[in-house]
Amino acid sequence: MQASRARLFKEYKEVQREKTADPDIQLVCDDSNIFKWTALIKGPSETPYEGGVFQLAFSVPEHYPLQPPQVRFLTKIFHPNVHFKTGEICLDILKTAWSPAWTLQSVCRAIIALMAHPEPDSPLNCDSGNLLRSGDVRGYQSMARMYTRLAAMPKKG
């Protein structure tokens with residue numbers, strides 16, 4: 001547990017130092033618990049998520065970085081690899097392909113990449129996955145854009 005605290009503290013200092021280096025990711029550590037983090041990530045350009053800001057919740061295990069963090073979307077998102085109700089993310093690096101070389105920041109980058117390049121063959125959201133698998137890219141993008149507007153964009157007025 002001491003090693004994981006040290007690693008998280010190092011990542012915290014790095015995030016503070018590089019706040020402006022990655023404008024698409026804003027990682028914040030809970031004031032009272034270094035094992036709880038949140039992130040705001042910007043939807044990648046030229047995707048139905050462009051213009052949206054999505055909140056992620058990180059729950060870091062005591063054996064981090066030997067075990068991956070649990071990450072989920074708090075913001076509703078229509079994406080084949082994200083469970084619509086729970087926000088659970090199907091991403092190999094959060095499961096079997098985890099490596100201690102990954103950081104919370106690089107996990108955010110991988111999630112942004114997944115948003116831009118969905119994997120419809122391993123869906124957590126079957127409706128979204130089925131649209132893509134059947135070739136209805138337009139239908140998928142329309143639904144994803146609608147949910148981005150409803151849940152991830154600041155309200156005007």
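Side-chain atoms of Ser128 do not come within 3.5 Å of backbone N or O of Asn125 as any donor-acceptor pair. Proximity of a side-chain donor or acceptor of Asn81 to a complementary backbone N or O of Glu119 within less than 3.5 Å is detected. Proximity of a side-chain donor or acceptor of Ser4 to a complementary backbone N or O of Glu62 within less than 3.5 Å is detected. Judged purely by atom type and a 3.5 angstrom limit, Thr148 uses its side chain to pair as donor or acceptor with the backbone of Pro48. In this structure, His83 contributes its side chain and Thr86 its backbone to a donor-acceptor pair below 3.5 Å. Of the possible donor and acceptor atoms, one in the side chain of Thr75 sits under 3.5 Å from a partner among the backbone N and O of Gln55. Judged by distance alone, the side chain of Ser134 and the main-chain N or O of Asn130 form a donor-acceptor pair under 3.5 Å.
Ring geometry for Tyr140 against His79 counts as perpendicular: the plane angle is over 60°, on a 0 to 90° scale with 30° as the lower cut. By the 30° and 60° cut-offs, the orientation of the rings of Trp37 relative to Tyr12 is perpendicular.
The minimum heavy-atom distance between Lys95 and Ile89, with the atom names listed, is NZ-O, 3.2 Å. In this structure, Pro100 and Trp98 approach most closely via the heavy-atom pair N-NE1, 4.0 Å. Among all heavy-atom pairs drawn from Cys90 and Leu114, the shortest one is O-CD2, 3.8 Å. For the pair Met115 and Tyr49, the tightest heavy-atom approach, listed with the atom from each and the gap, is O-CE1, 3.4 Å. Between Pro80 and Leu132, the closest heavy-atom pair is CG-CD1, 3.7 Å.
Counting non-hydrogen atoms of neighbouring residues, nucleotides and ligands closer than 6.0 angstrom, the CG atom of Asn33 exceeds 12 such neighbours. Within 6.0 Å of the CD atom in Gln70, the count of heavy atoms belonging to other residues, nucleotides or ligands does not exceed 12.
Hydrophobic clustering, with ILVMFWY side chains joined whenever heavy atoms are under 4.5 angstrom apart, keeps Val60 apart from Val28.
Under the 4.0 Å criterion applied to side-chain N and carboxylate O atoms, Lys10 and Glu14 are not assigned as salt-bridge partners.
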Requested in this report: Show the numbers, then the answer: is there a side-chain contact (heavy atoms from CB on, under 4.5 Å) between Glu11 and Leu27?
Outcome: CA-CA 10 Å; Glu11 287 190 38; Leu27 253 172; 5.8 Å; no
Query raised in the report: Step by step, would you call Gln26 with Val53 a side-chain contact (heavy atoms from CB on, under 4.5 Å)?
Result: CA-CA 10 Å; Gln26 184 184 344; Val53 177; over 6 Å; no
